[in-house]
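First up is the structure itself, then whatever we jot down about it.
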Amino acid sequence: MATWIWHPAWTEEDPTGSAGAFVHFRKTMFLSRIPSMPVRIHITADTKYKLYINSEFVSVGPVKGDQHLWFYDELDITSSLKLGKNTFNVRVLRLYHATMHATSFPRLHVPGLFIRTVGSDTDPDVDVQTNESWNTAIDKSTTLPTDMVEDAFLHIYEKVNKDTTEPDWKPAKSLVFPISHGLSAPWKLSPRLIPTPRYESVSSMAIHNIESTQPRADWERALLGVHNTNAEGICLPAGSSHHLELEVENLITALLYFRFKCPEHTGSTMQVTYSECYEDIPEVVPWIRNKSDRRDTTKRLFGPKDEYAIGALAEQKLRSTLNYHSNIPDEDTFAPFHFRTFRFLAIDIKVGEQSDLTMKHINILTTNYPLSMRADFNVSATDDVYREMWTTSVRTLSNCMHDSYEDCPFYEQLQYAMDTRSSALFTYCLSGDDRLARQAIIQLHNSYSPKVGLTASRAPAHQIQLIPHFSLFWICLVTDHFEYFSDVEFVRQFLPVCDGVLESFSRRIDFKLNLIRLSDASQQWDFVDWADSWKPLGIPPAAERTNFSSYTNMLYAYTLKRISNVLVALGRPGIAAEYTTRAHKILVALKAYCFDGHFFTDGLFSEDICDDDYSQHGQVWAVLSGAATVPGTRGFTQTTTAMSFYTLRALSLVGGSLYDERFHTFWGPWKEQLSQNLTTWLEDTVSQRSDCHAWASSPLYEFVAEVAGIRSDSPGWRAMMFQPRVTLFPMLDVKVPFGVPGSSGIAHVHWKRENDVFQLSLSLKMDSGKIADMPVRFVFPDGHEEMMNGAKDIHLTLQVD
């Protein structure tokens with residue numbers, strides 16, 4: 001019988017300043033025959049595991065979970081088995097529970113490893129279930145430093161000092177938990193909800209700033225390219241030091257394998273710095289940066305570091321029982337446990353005084369959520385920058401999708417509700433895949449605190465953070481899913497928490513003004529945007545001064561309206577009417593107390609109000625909430641990248657020609673980033689902290705939903721709206737996924753301009769090959785509408801002034 005197991009002498013009272021430690025587990029078995037039936041297992045660990053069978057990497061997991069859902073992986077390991085001796089090795093990363101380190105990685109108060117076989121037909125000779133037949137050893141060579149200024153969140157960077165003694169193997173200890181009277185183990189096990197990662201080998205493209213006794217050509221032969229074409233690698237003389245900076249084509253998230261031929265003696269070390277770009281010295285590390293041309297190699301690379309002591313031959317023999325890599329007797333491989341985010345690597349090698357050192361190669365294996373790129377966007381050659389914006393947006397989003405949606409893979413890897421709402425919408429437009437979004441909705445829901453009436457701002461996470469506005473964005477994430485997929489049973493389960501969140505805001509309504517006050521609790525953060533004039537906390541000064549935020553009230557009214565539409569569709573018109581009434585009262589109060597007759601203020605309006613009390617945010621959200629029909633324009637505090645999606649929604653909602661008039665100039669900051677050699681989008685143009693943040697991937701939505709004009713016109717794509725903005729490009733060819741899982745297809749939009757005439761076509765093809773018998777509401781450029789049927793290709797000739 002399978003039990004949770006752990007090391008019998010484990011303690012989390014670590015004096016070394018490490019965020020956690022690694023624990024080895026192993027088991028050996030002999031097979032006289034290969035099983036005729038599949039051998040399937042469930043495997044999980046707290047906090048993360050890597051499974052190796054016969055020295056070959058098999059799986060990494062589990063997906064980040066929480067106290068309500070702890071995920072396991074189901075694997076078929078049959079192909080990894082062989083006749084004779086079989087070795088099973090699991091390396092577990094346990095991040096200490098009683099610290100605030102490694103915020104991005106949730107863990108429970110007890111560590112453990114769990115493996116069980118699945119199915120009644122499992123071959124009895126293959127017994128890999130965790131129990132006391134497994135051996136375990138604590139890795140004393142590796143620490144996870146917590147004092148790097150560039151690393152405030154992850155704490156997964158490694159400092160490895162080779163241990164010259166064989167690991168101290170001991171029989172594993174079975175963990176005993178009460179399992180009756182409603183009690184169980186701490187982990188509430190659930191099957192994985194998302195597909196396994198996609199891995200792809202990539203090559204290094206260039207080496208910069210070499211400081212070495214060895215010639216550039218030798219370094220390039222050894223390190224450039226996907227595979228090691230030079231079996232001998234590069235030999236580095238004893239006592240020498242070497243510095244080089246390695247570049248890959250685009251910013252990536254990847255597993256790394258640094259391969260060395262074991263020297264005769266110890267003393268050689270390597271330090272690897274991971275960086276997004278070349279830059280000037282940061283103003284505040286890591287928060288405020290000085291960046292321009294990302295490939296300006298006259299500048300410096302900054303970032304977190306791994307440090308590795310390269311093992312000698314004798315040590316390699318002692319540690320061969322770990323079986324984590326292919327057993328090449330004279331090779332030492334440094335493979336950081338968690339993926340690294342980088343575009344550039346700064347590598348510093350110091351060779352021991354007694355032996356030469358041969359560096360064989362660096363293998364790079366990208367890892368991402370296996371996103372299916374079903375949409376595509378092409379324009380004429382004269383508008384090539386937009387095609388580049390599209391591919392950069394795809395790359396950015398993909399780099400922010402792993403176990404969960406992530407705000408930025410380089411620094412945090414946390415799933416924030418506001419960020420995730422945008423990322424999920426971009427995913428729907430790009431692929432129609434909702435699996436990661438469903439998991440995000442569930443995980444943020446699980447973070448709900450009845451005491452405060454809010455979800456956490458981010459989940460799963462080891463440290464709870466409360467940003468009240470983000471609970472409203474979570475509700476919007478739920479409503480978006482209903483609009484796209486019309487999954488009634490899935491959405492219905494979240495309505496009680498939606499009501500609880502909305503009620504927590506309602507409790508803060510001032511009975512005189514009928515407006516929501518700012519949160520009273522110091523533990524809550526009323527963040528709005530990273531506007532430069534709102535530093536350091538991203539809160540409008542007028543809101544703090546008057547204790548009322550127009551943004552809060554507008555977002556609240558906007559959310560009430562969105563959830564009301566869902567409630568009507570779910571047969572709850574009474575609650576929907578109550579929410580609509582609440583929203584109306586808020587909008588009336590906004591016009592009475594936060595409007596100067598022309599523009600909305602960030603806080604309460606008064607006669608002595610100053611220019612700094614106005615922002616684009618107030619005008620954008622006035623339109624989105626229904627408080628205004630036209631956004632005001634003036635030299636207000638500008639929305640940043642985080643709010644780009646909502647700024648564009650307001651321009652679209654206004655109607656008329658405003659969206660088209662602003663379209664090409666709106667993308668100026670994105671085009672500027674491309675000119676600065678970014679390959680992913682900035683987190684924001686104010687702090688420039690991270691070069692990769694998915695909320696900047698707005699082109700994915702705009703180019704398919706607004707430019708091509710393909711949107712759902714009824715929940716679950718029971719009808720389609722087609723409103724192409726043909727005047728934006730003289731030629732366009734776009735593919736857009738539509739429908740719901742099991743009944744989806746591709747909409748193909750094409751147009752070409754000749755003088756003032758556009759030849760426009762729309763074809764709908766179902767994945768199943770069936771006819772797309774779907775109503776299509778075509779909105780012409782002049783605003784009039786016609787109903788058409790998607791069962792036949794639509795071809796139109798449009799005369800546009």
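Just so it is clear, the structure is predicted and the values come from calculations on it, not from any experiment.
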Report task. With sequence neighbours left out, write down each residue that passes ring pair (Phe, Tyr, Trp, His ring centres under 6.0 Å) with Phe595, or none if nothing qualifies. Result -> Phe600

Query - Residues that Trp621 engages under ring pair (Phe, Tyr, Trp, His ring centres under 6.0 Å), provided they are two or more places apart - result: Tyr551, Tyr558, Tyr646

Report task. Could you list all the salt bridge (charged side-chain N to carboxylate O under 4.0 Å, His left out) pairs where at least one residue sits in residues 377-394, not counting sequence neighbours? Result -> Asp376-Arg387

Query raised in the report: Is the number of heavy atoms from other residues, nucleotides or ligands within 6.0 Å of NZ (Lys735) greater than 12?
Result: no

**Report entry** Of all pairs that satisfy salt bridge (charged side-chain N to carboxylate O under 4.0 Å, His left out), the ones with a partner from residues 471-485, not counting sequence neighbours
**Finding:** Arg421-Asp480, Asp480-Arg562, Glu483-Arg562

Query raised in the report: So how far is it from Leu371 CG to Arg435 CZ, rounded to the nearest 0.5 Å?
Result: 9.5 Å

Query raised in the report: What orientation do Phe527 and Phe470 show, parallel under 30°, tilted 30 to 60°, or perpendicular over 60°?
Result: perpendicular

Query raised in the report: What orientation do Tyr614 and Phe636 show, parallel under 30°, tilted 30 to 60°, or perpendicular over 60°?
Result: parallel

Report task. Evaluate whether atom CD of Glu578 has more than 12 neighbouring non-hydrogen atoms of other residues, nucleotides or ligands under 6.0 angstrom away. Result -> yes

Requested in this report: Please check if atom NE2 in His664 has more than 12 non-hydrogen atoms from other residues, nucleotides or ligands closer than 6.0 Å.
Outcome: yes

Report task. Decide yes or no on ring-ring contact (aromatic ring centres under 6.0 Å, His included) for Phe473 and Tyr416, but give the supporting numbers first. Result -> CA-CA 9 Å; Phe473 281 110; Tyr416 286 90; over 10 Å; no

Query - Arg725 to Phe663, cation-pi by 6.0 Å centre distance and 45° axis angle - result: no

Query raised in the report: Parallel, tilted or perpendicular: which fits the ring planes of Trp670 and Trp681, with parallel below 30° and perpendicular above 60°?
Result: perpendicular

Query raised in the report: Just wondering, are more than 12 heavy atoms of other shown residues or ligands nearer than 6.0 Å to NZ in Lys752?
Result: no

Requested in this report: May I ask you to decide whether Asp756 forms a salt bridge with Arg753, counting only side-chain N to carboxylate O separations under 4.0 Å?
Outcome: yes

Query raised in the report: Please, which pairs that meet side chain to side chain donor-acceptor pair (under 3.5 Å) have at least one residue in residues 489-501, sequence neighbours excluded?
Result: Asp499-Tyr579

Query raised in the report: So which pairs with a foot in residues 779-790 pass salt bridge (charged side-chain N to carboxylate O under 4.0 Å, His left out), sequence neighbours left out?
Result: Arg777-Glu785

